[in-house]
Amino acid sequence: MHWSATLHVHKLNVRLTPANDAFQLRKKLKHRPSHGLQQSALAMAVDGQHIMVNACTGKMGHATAEAVVRAGLSLVPYSFTGSSEAVAVGNVGVEGIPVELVGPERRQQAMEQAKHEYPNMIIIDFTLPMAVNDNAVFYCQNKIPFVMGTTGGDRHKLLQDTKHAGVYAVIAPQMGKQVVAFQAMMEMMAQEFPGAFSGYNLSVTESHQRTKADTSGTAKAVVGSLQRLGLDFSEVTVLLGK
């Protein structure tokens, strides 16, 4: 007897079938609303809130900065980035607002100025996996609450550093509320019904833009829950688009 079940959650396609078939997870970012994720990342903000976005040179960072302006919030005109980008580009425009790119050698000076000019500032980070931990330590040292939308890095160290610093932060591999709800459902299933899917086969395939720097944190989180449900696998296949 053959059966299958398919669940669609905000462009996240999950299909579970018995052994010898496959479990497919496809995350089609290019079909998502252009700023849905960015708006979710801004949900904690209030009118008049000052937001710094790092870094405005990347696709996600620039889109987030645009969402800040569209939401009527105050975009801090500084963005921390790598040395090469700061030197080569100098500044970028976001919805008509000039934003100065600040390299590592000047970021503490710029941070002090930003804290003075924009009290109660929040930072939203969409940078690179290799910068996650260093950026988080820097935010913690300066006692600035932050949203870490960047995946990768040492996640255990990230959580520990933030906890020990006593800084408020939102740390999640996924900001889309529908997908977050799906992840919460999978986590609850894993806790309540451990091993329930033992004997099934599983594969995970995610599709991304070619510039994606690492395997999706969302895929990794879902895989963790499914493993606790008894599905045995260790590989996530990444399909990169054009």
Side-chain angles (χ1 to χ4, degrees), residues 35-69 71 73-82 99 102 104 107-108 110-184 186-187 213-222 224-225:
H35 50 271
L37 187 152
Q38 293 83 6
Q39 288 181 334
S40 296
L42 297 175
M44 63 186 288
V46 297
D47 290 342
Q49 179 69 57
H50 305 298
I51 308 290
M52 175 187 287
V53 179
N54 299 324
C56 288
T57 53
K59 182 177 180 180
M60 286 301 305
H62 197 274
T64 299
E66 290 177 329
V68 168
V69 177
L73 305 174
S74 172
L75 178 65
V76 175
Y78 302 104
S79 184
F80 301 147
T81 187
V99 176
V102 180
R107 69 176 184 174
Q108 186 58 55
M111 175 65 86
E112 295 297 336
Q113 185 170 349
K115 289 193 292 184
H116 175 73
E117 296 179 358
Y118 304 95
N120 301 319
M121 177 176 62
I122 293 174
I123 291 177
I124 298 178
D125 188 296
F126 282 109
T127 53
L128 293 171
M130 66 183 70
V132 165
N133 293 106
D134 181 65
N135 285 353
V137 168
F138 179 68
Y139 304 151
C140 289
Q141 289 174 341
N142 283 276
K143 302 298 182 183
I144 303 296
F146 63 93
V147 176
M148 181 57 73
T150 311
T151 59
D154 186 331
R155 307 306 282 189
H156 177 73
K157 184 178 187 299
L158 171 61
L159 293 172
Q160 290 301 310
D161 287 343
T162 305
K163 180 179 179 180
H164 292 160
V167 173
Y168 289 105
V170 175
I171 299 173
Q174 173 60 245
M175 300 289 176
K177 63 182 181 180
Q178 294 91 345
V179 182
V180 170
F182 170 75
Q183 288 180 269
M186 296 303 300
E187 184 64 24
D214 65 336
T215 301
S216 165
T218 302
K220 291 179 179 178
V222 171
S225 296

Without swapping roles, check the side chain of [X] against the backbone of [Y] for a donor-acceptor pair under 3.5 Å.
| X | Y | result |
| --- | --- | --- |
| Lys143 | Ala165 | yes |
| Asn54 | Asp125 | no |
| Asp154 | His156 | yes |
| Thr150 | Leu128 | no |
| Ser74 | Gln49 | no |

In terms of heavy-atom contacts, does CG of Asn120 have more than 12 from other residues, nucleotides or ligands at under 6.0 Å? no
For Tyr168 and Phe146, run ring pair (Phe, Tyr, Trp, His ring centres under 6.0 Å): C-alpha distance rounded to whole Å, both residues' side-chain angles, the deciding distance at 0.1 Å, then the answer. CA-CA 7 Å; Tyr168 289 105; Phe146 63 93; over 10 Å; no
Tell me, do [X] and [Y] make a side-chain contact under 4.5 Å, heavy atoms counted?
| X | Y | answer |
| --- | --- | --- |
| Phe138 | Asn142 | yes |
| Met121 | Ile144 | yes |
| Arg107 | Tyr78 | no |
| Gln141 | Asp161 | no |

Minimum heavy-atom separation for Gly153 to Val132, with atom names? CA-CB, 4.4 Å
Inter-residue atom distance [X].[atom1] - [Y].[atom2], 0.5 Å rounding:
| X | Y | atom1 | atom2 | result |
| --- | --- | --- | --- | --- |
| Thr162 | Lys157 | OG1 | NZ | 9.0 Å |
| Phe80 | Thr57 | CZ | OG1 | 13.0 Å |
| Met52 | Leu75 | CE | CG | 9.0 Å |
| Met60 | Ile124 | CE | CD1 | 10.0 Å |
| Met148 | Leu158 | CE | CG | 5.5 Å |
| Glu66 | Cys56 | CD | SG | 9.0 Å |

Using the six-membered ring wherever Trp is involved, compare the ring planes of Tyr118 and His50 and label them parallel, tilted or perpendicular (cut-offs 30° and 60°). perpendicular
Please walk me through it: do Asn135 and Thr127 pass side-chain contact (heavy atoms from CB on, under 4.5 Å)? CA-CA 9 Å; Asn135 285 353; Thr127 53; 3.4 Å; yes
Going through the distances and angles, do Val102 and Thr81 end up as a side-chain contact (heavy atoms from CB on, under 4.5 Å)? CA-CA 6 Å; Val102 180; Thr81 187; over 6 Å; no
Could you verify whether a donor N or O on one side chain and an acceptor N or O on the other, from Glu112 and Gln108, lie under 3.5 Å apart? yes
